[in-house]
Structures are given as C-alpha cells and as structure tokens.
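Okay, so here's the structure we're looking at.
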Amino acid sequence: MSSKPVGIKDVAAAAGVSVTTVSQVLNNVAYARVGAETRDRVRQAASRLGYGPNRLARALRTRRSGVIGVICEEIATVPDAGRVILGSDEAARRRGYNIMLISSVATGSDGPSESDVAELLDRKVDGVLYVASGRRALRLPTRLTGLPAVLVDADDVADTLPSVKPDRPGGVRLAVTALTDAGHTRVGMLNTSDEDPARQSTLHAFQDTLADDGLEFRGDLVQSGPSTAAGGYAAALRLLKLENPPTAVFCFNDAMAMGLYRAAAEMGLTIPGALSVVGFGNQEMIAGNLHPALTTVELPRYAMGARAAEHLIDAVEGTPGTRTARQAVLECTLVQRDSVGPVPLNRGVTPWA
C-alpha cells in the first residue's frame with residue numbers, strides 16, 4: 001500500500017473532472033458553474049480517498065483565515081440564542097468557514113466592547129457577527145467598522161452596517177389575527193413595562209391589527225408589567241378583574257403568557273374554554289409545556305443566524321454590493337397549539353364574581 005498522500009489530482013481522476021472543478025467544489029466557490037451531480041461526485045470521491053482542502057495553503061493564497069467571529073450577548077440568558085448560533089455555524093460550514101464564539105455582556109445602547117473586538121481581531125477572523133439580546137440601536141467600536149460585520153436583531157446607530165432582523169410587527173399581526181379569526185372582538189394585551197425597544201412597536205402593531213379588523217382599541221384592555229411570568233401574572237389579574245374583561249389576550253412574550261395561565265386558573269377560567277391566549281417567541285421551555293400548549297409566534301432565529309452568516313461571508317469574499325448597509329427582515333410564523341378557541345357563550349358573565 002502506497003504511503004503517498006492523496007492530492008487534488010487523485011480526486012480529479014477519481015471523479016472524472018478537472019483539478020479546477022475539484023478546487024471550486026471543495027472550496028465552495030460561489031460563482032462556479034458546476035452541476036449538482038458533478039458536485040456530489042467530487043465530494044464522494046474526496047470522502048472515499050480521505051482528501052480535504054489544505055486550509056493553511058488556502059489561507060496563504062486567499063489571505064483569509066476561514067474563521068468568522070460571533071459575539072453573542074448573554075448567551076446563557078437570551079431565550080433560544082443557541083438557534084441563532086446554530087444557524088450561523090451551519091451556514092458558515094457550508095461555505096467552508098468555521099465560527100469562533102465569544103460571549104459579551106452589553107447594556108443600554110452599547111454594542112460589542114473594544115476588548116471583544118480586539119480578541120477576535122487578534123485571532124485574525126475574517127468578519128464578525130454581533131447577536132444582540134435587546135432589539136436596539138448600537139454604538140459600535142471604531143475597530144469594528146473597518147471589518148466586514150453584520151448585526152443580528154439590532155441596528156447600527158451610524159447606519160453603516162447591515163443587519164438581519166425578524167418582522168416583529170408582522171408576528172404581532174399573526175398573533176392577534178389568530179384571535180380575531182376565532183371570533184373574538186374584545187381582545188386584551190399584556191405588554192412589557194421594561195425599557196424594551198419592542199414595547200411601543202408591539203403596541204402599535206396590536207392597535208393597527210385591531211383597526212384593520214374594524215375593532216375598537218380600548219386602553220383599559222392593555223395592562224403592563226415586567227416581561228416575566230411574575231409580571232404577566234400581576235398584569236393579568238388586573239386585566240381579568242375588569243368589569244367587562246376580554247375573551248382573548250395577546251401576550252408580549254411566552255413568559256408573560258405563563259403568568260396569565262396562573263391568574264386564569266386562580267380565577268376559575270379555563271383556557272381556551274373561557275379565555276383564549278396567544279404568546280410571542282415560542283420559547284422552547286415554556287410554550288410546549290404549558291397546559292394546554294400555548295399558541296404562539298416563532299421568531300426565525302435559525303434563519304436569522306444563517307442569513308447573517310451568508311451575508312457576512314459574501315462581504316468577506318467581495319461579492320458586489322455586500323459591503324453597503326442594508327437590512328434583511330425575515331418573516332415570523334404562527335405555531336398553532338391548543339390555547340385558542342371560540343368566544344365563550346357566557347362572555348358577559350364574570351364567573352369569579
């Protein structure tokens with residue numbers, strides 16, 4: 001058995017293609033005109049022979065490390081931040097890149113710190129993704145503006161960097177419409193009282209959806225509290241104890257919906273028999289584990305991470321038009337479960353009286 005290492009010419013011979021085609025396929029060259037069948041044949045031949053592209057040689061040739069940095073705020077506390085990271089990692093791998101992940105703690109309008117960026121630059125990353133936890137406009141370190149970078153769920157105060165965000169107003173419309181389509185005309189809302197940039201936009205989308213359905217907006221049917229289960233519980237008690245309470249409630253997030261479930265149970269209101277509920281976020285540990293399971297809106301977290309990584313790599317590789325600031329807004333989806341039903345027949349009766 002020969003000890004000679006397998007080279008690119010061996011792969012080309014095994015696949016019946018040129019060396020150039022092998023290089024284009026294994027290096028995921030975006031502009032390469034190679035059919036899917038040929039790509040599969042090249043990859044199978046490379047796998048069978050145990051051949052992989054020489055990353056060091058490629059780095060020397062392209063002057064790129066093949067690594068993108070991902071700065072994620074408060075990884076342990078942001079709901080489902082892992083989905084964004086997974087999306088960016090798998091998209092990067094498909095393009096022949098790896099990610100380097102670091103955690104950052106940022107507050108207010110701060111973005112990544114100078115030390116966050118310096119840590120990645122010291123490791124020669126080709127570009128940076130910044131995954132925010134608070135849907136806000138960020139002030140960015142000057143060292144970041146000279147490097148290909150993309151923001152996830154945030155905006156650049158200076159409007160110089162591209163971003164990928166969910167269509168939150170569209171998601172609110174899906175949630176409220178799920179209630180009005182079920183026949184509910186008296187719809188309440190639990191909104192956050194936190195300093196969250198999405199607070200006002202969520203309320204405005206709620207109002208606009210009611211107006212589009214020809215329904216009256218009532219300020220007393222909107223109660224606010226911290227965007228936690230405890231905050232949702234306290235706000236729900238105020239809402240459900242109104243003289244003429246709503247028959248359906250939209251919640252700012254799934255945690256507040258969990259608090260609403262508790263308040264409804266204490267007042268003898270069944271869900272969805274006496275009260276319909278829709279949440280927002282589809283938080284994995286909450287929505288599917290409530291009883292009944294919560295109908296809610298899912299943010300496109302995986303798709304956001306993947307789209308951001310694709311856009312960043314396009315910028316790294318010099319694809320025309322990708323270094324200019326632009327926004328990608330991705331649609332949310334309604335996850336229908338068991339918490340929405342028709343208007344109760346005794347809607348004018350307060351069963352806790």
Side-chain angles (χ1 to χ4, degrees), residues 166-192 201-224 229 232-233 235-283 286-300 331-352:
D167 179 9
R168 292 178 184 275
V172 174
R173 182 175 297 277
L174 289 174
V176 179
T177 300
L179 298 171
T180 59
D181 282 351
H184 295 275
T185 58
R186 191 170 177 83
V187 181
M189 176 183 175
L190 297 187
N191 200 9
T192 184
S201 63
T202 300
L203 178 60
H204 291 158
F206 175 76
Q207 293 172 310
D208 291 344
T209 306
L210 292 181
D212 289 344
D213 287 337
L215 301 177
E216 178 186 7
F217 171 75
R218 292 282 304 273
D220 60 332
L221 295 186
V222 177
Q223 297 293 326
S224 300
Y233 169 74
L237 287 178
R238 296 192 299 271
L239 182 64
L240 298 179
K241 287 183 178 180
L242 293 173
E243 183 177 352
N244 191 7
T247 62
V249 180
F250 162 64
C251 302
F252 178 82
N253 65 12
D254 293 346
M256 296 191 79
M258 182 164 61
L260 172 61
Y261 270 53
R262 175 189 167 193
E266 289 182 1
M267 302 174 87
L269 298 172
T270 60
I271 297 172
L275 182 70
S276 290
V277 182
V278 176
F280 196 94
N282 197 29
Q283 293 183 28
I286 297 177
N289 291 312
L290 290 172
H291 183 74
L294 178 66
T295 293
T296 185
V297 172
E298 182 170 26
L299 296 169
E331 292 183 357
C332 301
T333 55
L334 181 71
V335 181
Q336 295 181 323
R337 295 192 177 98
D338 305 317
S339 61
V340 177
V343 179
L345 296 177
N346 62 338
R347 61 166 299 188
V349 178
T350 51
W352 54 86

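Keep in mind that this is a model prediction, so the values were computed, not measured.
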Does P272 have any side chain to side chain contact (heavy atoms under 4.5 Å, CB included) partners at least two apart in sequence or in another chain, and if so, which? S276, P292

Give the C-alpha distance, both sets of side-chain angles, the deciding distance and a yes or no for side-chain contact (heavy atoms from CB on, under 4.5 Å) between N253 and T192. CA-CA 9 Å; N253 65 12; T192 184; over 6 Å; no

Test side chain to side chain contact (heavy atoms under 4.5 Å, CB included) applied to S339 and V249, L294, T296, the passing residue: L294

Taking all non-hydrogen atoms of both residues into account, name the closest pair between V340 and A182 and its distance. CG1-CB, 3.9 Å

Run the side-chain contact (heavy atoms from CB on, under 4.5 Å) test on L269 and L240 for me, step by step, so that the C-alpha distance in whole Å, both residues' side-chain angles and the decisive distance to 0.1 Å come before the verdict. CA-CA 10 Å; L269 298 172; L240 298 179; 4.0 Å; yes

Tell me, yes or no, whether the heavy-atom count around Q336 atom CD, taken from other residues, nucleotides or ligands under 6.0 Å, exceeds 12. no

With under 30° as parallel and over 60° as perpendicular, where do the rings of F217 and F206 fit, or are they tilted in between? perpendicular

Check the pair L260 / Y233 against side-chain contact (heavy atoms from CB on, under 4.5 Å), numbers first and verdict last. CA-CA 5 Å; L260 172 61; Y233 169 74; over 6 Å; no

Does H184 offer a backbone N or O that forms a donor-acceptor pair with the side chain of T247 under 3.5 Å? no

Nearest 0.5 angstrom please: M256 CE to F280 CZ, how far? 13.5 Å

If I compare all heavy atoms of L221 with all of N244, which pair ends up nearest, and what's the gap? CD2-O, 4.3 Å

Measure from the side-chain N and O atoms of R262 to the backbone N and O of A229, and report whether any donor-acceptor pair falls under 3.5 Å. no

Is the shortest distance from a Lys or Arg side-chain nitrogen in D208 or R173 to a carboxylate oxygen in the other one below 4.0 Å? no

Once rounded to the nearest 0.5 Å, what's the spacing between atom CE of M189 and atom CD of Q207? 8.5 Å

Quick check: closest heavy atoms across G279 and F250, and the distance to 0.1 Å? O-CE1, 4.0 Å

Any donor-acceptor pair under 3.5 Å linking the side-chain atoms of R337 with those of N282? yes

Any sub-3.5 Å donor-acceptor pair from T180's side-chain atoms to T177's backbone N or O? yes

Checking N191 against S224: is there a side-chain donor and acceptor pair closer than 3.5 Å? no

Taking T295 for its side chain and V278 for its backbone only, find out whether a donor-acceptor pair lies under 3.5 Å. no

Considering all heavy atoms of both residues, which atom of A293 and which atom of G288 are nearest to each other, and what is their separation? CB-O, 4.3 Å

On a heavy-atom basis, the closest approach of P344 and G273 is CB-O, 3.4 Å

Grab the two heavy atoms, one from L239 and one from D220, that are nearest each other, plus how far apart they are. CD1-O, 4.0 Å

Any salt bridge (Lys or Arg N to Asp or Glu O under 4.0 Å) pairs touching residues 248-258, not counting sequence neighbours? none

I would like to know whether M267 and L237 meet side-chain contact (heavy atoms from CB on, under 4.5 Å); could you show each step before the answer? CA-CA 9 Å; M267 302 174 87; L237 287 178; 4.1 Å; yes

